[in-house]
Amino acid sequence: MNPRPPIALTIAGSDPSGGAGIQGDLKTFSALGTYGTAVLTSLTAQSTQGVTGVHVVPADFVRAQLDTLVDDVAVDAAKIGMLASAATIETVLAFLDKRSDAVPVVVLDPVMVSTAGSRLLAEDAVEPMRQLLPYVSLITPNVPEAAVLLDADPAEDLDTMRAQAIALRELGAARVLVKGGHLGGDAHATDLWLDDAGEQLLTGPRVATVNTHGTGCALSSAIAALAPRTGSLLEATRQAKTWLTGTLRAADALHIGHGPGPVHHCHDIWKDENDWKDSDR
Ligand SMILES: Nc1ncnc2c1ncn2[C@@H]1O[C@H](COP(=O)(O)OP(=O)(O)O)[C@@H](O)[C@H]1O
Ligand SMILES: Cc1ncc(COP(=O)(O)OP(=O)(O)O)c(N)n1
């Protein structure tokens with residue numbers, strides 16, 4: 001009999017367009033051979049053209065979903081995405097504090113604003129988000145999110161990303177990945193990793209596409225999917241970024257919706273990796 005696949009959990013919001021949130025995360029888990037489970041924090045009315053509404057799940061019902069799930073299912077790793085409200089963040093923090101044994105690895109994508117500019121996190125939830133940092137294994141802010149958490153200006157270069165990663169560690173985050181997708185500019189998309197052992201620059205080719213909806217969600221859920229297999233969050237992040245670059249390359253073939261389309265989660269890393277690795281499309 002084959003051993004069971006790893007089990008990953010996403011704690012996030014729903015995106016009906018299927019590019020980001022719970023839907024994107026579950027596709028990512030499946031694409032990477034990991035069994036997916038999900039706890040919903042919120043519903044969005046969302047398409048590739050933007051978000052027209054947010055409906056927040058009551059915090060006590062988020063807790064009920066979490067407790068009911070982990071009482072039964074042995075989760076190997078979790079990814080946290082859209083938390084929407086201060087009350088939900090406080091609830092997830094209390095759960096992680098009490099049940100740390102139930103979720104051995106936690107990747108936090110501190111989702112705040114959608115690509116089109118809609119708020120996905122209440123203004124009064126930034127301070128509770130800071131309080132959550134000591135409870136997670138890895139935080140993966142993009143450049144604007146790192147700036148909000150630190151009440152600073154968004155980084156425009158690697159030196160500032162480095163300084164902000166150090167400051168996020170000082171707030172209690174064990175490992176930090178500051179994602180450089182928003183920096184733009186050159187032929188590469190470079191993220192900065194920082195942990196106890198020091199800094200690593202994770203660089204991939206920058207794909208020329210407008211179809212980037214759900215990239216941050218796909219990266220954090222891919223890290224959670226791969227961490228149980230690799231046994232190392234840094235190695236999981238390297239492999240997740242390689243897979244993500246493939247999903248961006250494959251995105252133009254999807255043609256979903258009329259706005260910036262989603263990444264193609266079904267990209268097969270195991271089959272296609274070497275097809276594009278050294279090319280410079
Ligand atoms: N056009 C692109 N080509 C390749 N990688 C990209 C591109 N845009 C973003 N990335 C990568 O996707 C991941 C998500 O990045 P980013 O856009 O910064 O975050 P978010 O989606 O949360 O706003 C990072 O690993 C980043 O380097
Ligand atoms: C329900 C939901 N969660 C998260 C996001 C943000 O997704 P992300 O992958 O960070 O990136 P964008 O596609 O918004 O750039 C979302 N839109 N919806």
Side-chain angles (χ1 to χ4, degrees), residues 10-28 38 40-57 79-84 107-121 139-147 154-155 158 161 177-193 201-223 237-252 256-257 259-263 265 267 276 280-281:
T10 168
I11 304 169
S14 162
D15 169 13
S17 78
I22 289 279
Q23 291 85 344
D25 295 343
L26 289 174
K27 291 179 203 177
T28 300
L40 263 86
T41 60
S42 48
L43 309 180
T44 67
Q46 181 171 184
S47 70
T48 62
Q49 295 180 298
V51 177
T52 59
V54 174
H55 186 70
V56 179
V57 173
K79 165 258 164 82
I80 300 175
M82 178 178 173
L83 289 175
V107 181
L108 171 63
D109 181 8
V111 172
M112 294 183 185
V113 177
S114 75
T115 314
S118 304
R119 276 206 88 89
L120 300 175
L121 183 75
I139 178 171
T140 64
N142 61 24
V143 160
E145 289 159 353
L158 266 178
M161 284 167 70
L177 181 76
V178 180
K179 299 174 294 190
H182 292 247
L183 283 190
D186 67 13
H188 298 99
T190 299
D191 305 339
L192 189 140
W193 169 281
L201 292 183
L202 307 186
T203 298
R206 182 171 288 276
V207 180
T209 179
V210 295
N211 297 320
T212 60
H213 178 54
T215 43
C217 295
L219 182 70
S220 53
S221 51
I223 296 169
T237 303
R238 284 188 199 286
Q239 291 186 17
K241 190 167 167 63
T242 299
W243 174 77
L244 181 69
T245 306
T247 70
L248 284 159
R249 287 184 182 278
D252 286 346
I256 304 291
V263 299
H265 302 89
H267 163 73
W276 54 264
D280 208 11
R281 186 174 127 181

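We use all heavy atoms of the structure for the numbers below, so side chains are in, but hydrogens, waters and symmetry mates are not. Please read all numbers here as calculations on a predicted model, not as lab measurements. Just follow the structure's listing: the first ligand is 1, and inside any ligand the first atom is 1.
Of all protein heavy atoms, the one closest to atom 12 (O) of ligand 1 is Leu244 CD2, 3.1 Å. For atom 18 (O) of ligand 1, the closest heavy atom belonging to the protein is Gly181 N, 2.9 Å. Distance from atom 20 (P) of ligand 1 to its nearest protein heavy atom, with residue and atom name: Asn142 ND2, 3.7 Å. For atom 25 (O) of ligand 1, the closest heavy atom belonging to the protein is Asp191 OD2, 2.5 Å.
Taking every heavy atom of Pro205 and a limit of under 4.0 angstrom, the matching atoms of ligand 1 come to 3 (N), 4 (C). Every atom of ligand 1 is numbered from 1 in the order shown, and the set under 4.0 Å from a heavy atom of Leu219 is 25 (O).
With a heavy-atom cut-off of 4.0 Å, Cys217 does not touch ligand 1 at all. The parts of Val207 lying near ligand 1 are both backbone and side chain, judged by heavy-atom distances below 4.0 Å.
For the side chain to side chain contact (heavy atoms under 4.5 Å, CB included) criterion with Thr41, the lone passing option out of Val56, Leu83, Val57 is Leu83.
Below 3.5 Å of separation, one finds an N or O of Lys241 facing an N or O of ligand 1. Between Asp109 and ligand 1, a contact under 3.5 Å exists for no N or O pair. Considering both main-chain and side-chain atoms, Leu248 never comes within under 3.5 Å of ligand 1 through any nitrogen or oxygen pair. Ligand 1 has no N or O atom lying under 3.5 Å from any N or O atom of Thr245, backbone or side chain. In terms of N/O distances under 3.5 Å, ligand 1 is not approached by Thr212.
Contact check for Met82 versus Asp15: no side-chain heavy atoms found under the 4.5 Å cut-off. You'll find the side chain of Met161 reaches within 4.5 Å of the side chain of Leu183, heavy atoms only. Looking only at side-chain heavy atoms (C-beta outward), Thr245 and Val207 come within less than 4.5 Å of each other. For the pair Leu201/Leu192, a side-chain contact is recorded, criterion being any heavy-atom separation below 4.5 Å from C-beta on. Contact annotation: the side chain of Ser14 approaches that of Leu40 to within less than 4.5 Å [non-hydrogen atoms, C-beta and beyond]. Taking the side chain as every heavy atom from C-beta outward, Ser220 and Val107 approach each other to under 4.5 Å. Side-chain atoms of Leu202 and Leu177, non-hydrogen and from C-beta on, do get closer than 4.5 Å to each other. Within the 4.5 Å cutoff, the side chain of His182 has heavy atoms near those of the Pro144 side chain.
Among His213, Arg249, Lys179, Glu145, the residue whose heavy atom sits closest to atom 19 (O) of ligand 1 is Lys179. Looking at Met112, His182, Arg206 and measuring to atom 23 (O) of ligand 1, the nearest heavy atom belongs to His182.
Without hydrogens or angle criteria, His265 side chain to Asp25 main chain gives no donor-acceptor distance under 3.5 Å. At distances below 3.5 Å, not a single donor-acceptor pair connects side-chain atoms of Lys79 with backbone N or O atoms of Ala12.
Among residues two or more places apart in sequence or in another chain, the salt bridge (charged side-chain N to carboxylate O under 4.0 Å, His left out) test is passed with Lys179 by Asp109.
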Which N/O atoms of ligand 2 sit under 3.5 Å from a protein N/O, and at what distances?
from, atom 1, to, atom 2, distance (Å)
ligand 2, 9 (O), Gly216, N, 3.1
ligand 2, 9 (O), Cys217, N, 2.8
ligand 2, 13 (O), Thr115, OG1, 3.3
ligand 2, 13 (O), His213, ND1, 2.9
ligand 2, 13 (O), Gly214, N, 2.7
ligand 2, 14 (O), Thr115, N, 3.1
ligand 2, 14 (O), Thr115, OG1, 3.0
ligand 2, 15 (O), Thr115, OG1, 2.3
ligand 2, 17 (N), Gln46, OE1, 2.8
ligand 2, 18 (N), Gln46, NE2, 3.1

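Side chains of Thr190 and Thr203: a donor on one and an acceptor on the other come within 3.5 Å.
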